[in-house]
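Notes for the one structure printed next.
Here is the naming used below: chain letters follow the sequence lines, and residue numbers restart at 1 for every chain.
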2 protein chains.
Amino acid sequence: MADDNGSDAGVVRAPKGVRSASPQRKRRRLDPEDREREIVDGAVAFFAEVGFDGGLRDLAKRLGITHQNLFRYFPTKEALIDRVYEEVYLGRWQVEWEVLLADRTIALEQRLTQFYRAYLQAIFRYDWVRIFVFAGLKGVGITQRYLELVQARVVEPLARELRVTTGLPDTAEVPLLPEETEMAWGLHGELFYLAVRRWVYEMKVPDDLDTVVRVAVVRFLAGAPSAMRLLHEGTLRAPAPRSGRRARPARRNPR
Amino acid sequence: MADDNGSDAGVVRAPKGVRSASPQRKRRRLDPEDREREIVDGAVAFFAEVGFDGGLRDLAKRLGITHQNLFRYFPTKEALIDRVYEEVYLGRWQVEWEVLLADRTIALEQRLTQFYRAYLQAIFRYDWVRIFVFAGLKGVGITQRYLELVQARVVEPLARELRVTTGLPDTAEVPLLPEETEMAWGLHGELFYLAVRRWVYEMKVPDDLDTVVRVAVVRFLAGAPSAMRLLHEGTLRAPAPRSGRRARPARRNPR
DNA sequence: ATCACTAATGACCGGACGGTAACTAAAATG
DNA sequence: CATTTTAGTTACCGTCCGGTCATTAGTGAT
């Protein structure tokens, strides 16, 4: 059954000598490094589009190679996918971001604005957002670890800054409430959700992300003191009733 | 969620001949309505967990039937998936929510708090969130249409309310800026992102969602006026070309 | 020109997929 | 009871999947 029929010779021999028959007809032999680069880039784009259930044959077709050739470079599909994770997540986190956020010589508003502008510049992309969501749904550990990084390096530091700017006790005295951390997640979440609306749900979003970031940061910081007081009005006895607007709600914090 | 394992549906029957195999469930014959109900419920849970690429044989195994039997109720897999969409999205949108949001006899803060508490009660669920995200990645139109509904019935009305509460011109005079709509998306986005963190990335989130909603709404409304003024400072008076942020009542000065 | 090296490929495998057809048996009807 | 109806099953089809192996052909060194 294997190669029984000599009548095969299915490949048309006639135009064989002439090598310029069609644009990509011929076998292209690359340095392994170059080929691997092409495969990884192609895989990132491919899996971002169709998800990790996409077939290797389809990926190979896009790359202009056969799917078997992929196995020369990655022993299994899983290995290729792991490489895609590396490619997308490793090295895109800038430690300078953490430095910037911690630099109290700059106003918090400026720090947050600059950070989120830089952060969005790094992640507000088709590949990054979709692979991040695909991986999350699949339950890949790397996404959880990434979010724990965000929480430890961005969200919780921000929540601690709010303690300072609102004149509440330091977190050394009173640990962060889950609701305070959640509040800081709010800023992060609304900006990430913007990326999801754009790259997952294909909605129209404003072109000028810098303005969106600025507005979000301003609103966040302008609103945070009220929310912090609300959260802490039970834990400490500094009522500090605000005269403006509506009178202070008679009801305390539920539970 | 109907029943787990009702292997014996009222019929007590002596094992017939050779067919001992006690664990083997006998053929269970249900009314088509009941069976269809089981299939749909099972399909919602199944596809929410593994995504729409999950195999029908696996789904059938969970249901205790053979995969061929699914075709008796749904002509194709696609038809079953469409039914899942219906099941999850249709009828879960409450028109009372829109009425509540538009009721100006209630303070905006109360309206938003009540609405988002009710909204989260409806959508903050494993099935809903994950299927919504899976469907978005797949590019299913129903999710886009759903988000357009949210924008038209929740987000833009909220943005218009902000015009009123901040004393800015009505939207009849000055149409909503994209950045204003985006601002209103911010509140929605941070709460939806909370659901994504919980049900997609399996992170710990506060147990008391009511408090989270209340804090988010208070912060949103307290911060919105500053952000609105920022957005409209060019609209209302002379452009003031450069300089990011200066001639404004910067009430809150960090440090 | 040719040789060695090795990218790249063609052929193939077992299994899982969505889907079809024929058959089996549990309930409804008389 | 016998008969009819039809929910549910066994058996199977063509296709595609990840992965293996022997073979082919592009390229630098000689």
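- Proximity of B/Thr66 to the phosphate of D/dT9: a side-chain N or O atom is located under 4.0 Å from OP1 or OP2.
- Counting non-hydrogen atoms of neighbouring residues, nucleotides and ligands closer than 6.0 angstrom, the CZ atom of B/Arg125 reaches no more than 12 such neighbours.
- Judged by distance alone with a 3.5 Å cut-off, a donor-acceptor contact links the side chain of B/Arg57 to the base of C/dG18.
- Using a 4.0 Å cut-off between a side-chain N of Lys or Arg and a carboxylate O of Asp or Glu, B/Glu87 and B/Arg92 do not qualify as a salt bridge.
- Pairs of residues two or more places apart, or lying in two chains, that qualify as salt bridge (charged side-chain N to carboxylate O under 4.0 Å, His left out) and include a residue from residues 45-60 of chain A are A/Glu49-A/Arg62.
- In terms of the salt bridge (Lys or Arg N to Asp or Glu O under 4.0 Å) criterion, B/Asp34 has no residue partners (sequence neighbours excluded).
- Whole-Å rounding puts the B/Ile65 CD1 to D/dT10 P distance at 12 Å.
- In this structure B/Glu182 satisfies the side chain to side chain donor-acceptor pair (under 3.5 Å) test together with A/Arg197, sequence neighbours excluded.
- Computed from coordinates, the A/Leu59 CG to C/dA8 P distance equals 14 Å when rounded to whole Å.
- The local environment of CD in B/Gln94 is crowded, with over 12 non-hydrogen atoms from other residues, nucleotides or ligands closer than 6.0 Å.
- Across residues 29-45 of chain A, A/Arg29, A/Leu30, A/Pro32, A/Arg35 each have a non-hydrogen atom less than 4.0 Å from an atom of DNA chain C (numbered order).
- For residues 144-156 of chain B, the salt bridge (charged side-chain N to carboxylate O under 4.0 Å, His left out) pairs, not counting sequence neighbours, are B/Glu98-B/Arg153.
- Using modelled atom types and a 3.5 Å distance limit, the side chains of A/Thr66 and A/Gln68 yield a donor-acceptor pair.
- Near DNA chain D, meaning a heavy atom under 4.0 Å away, the residues from residues 67-77 of chain A are A/His67, A/Gln68, A/Phe71, A/Thr76, A/Lys77.
- One can place CG of B/Leu56 at 15 Å from P of D/dT9, the figure rounded to the nearest angstrom.
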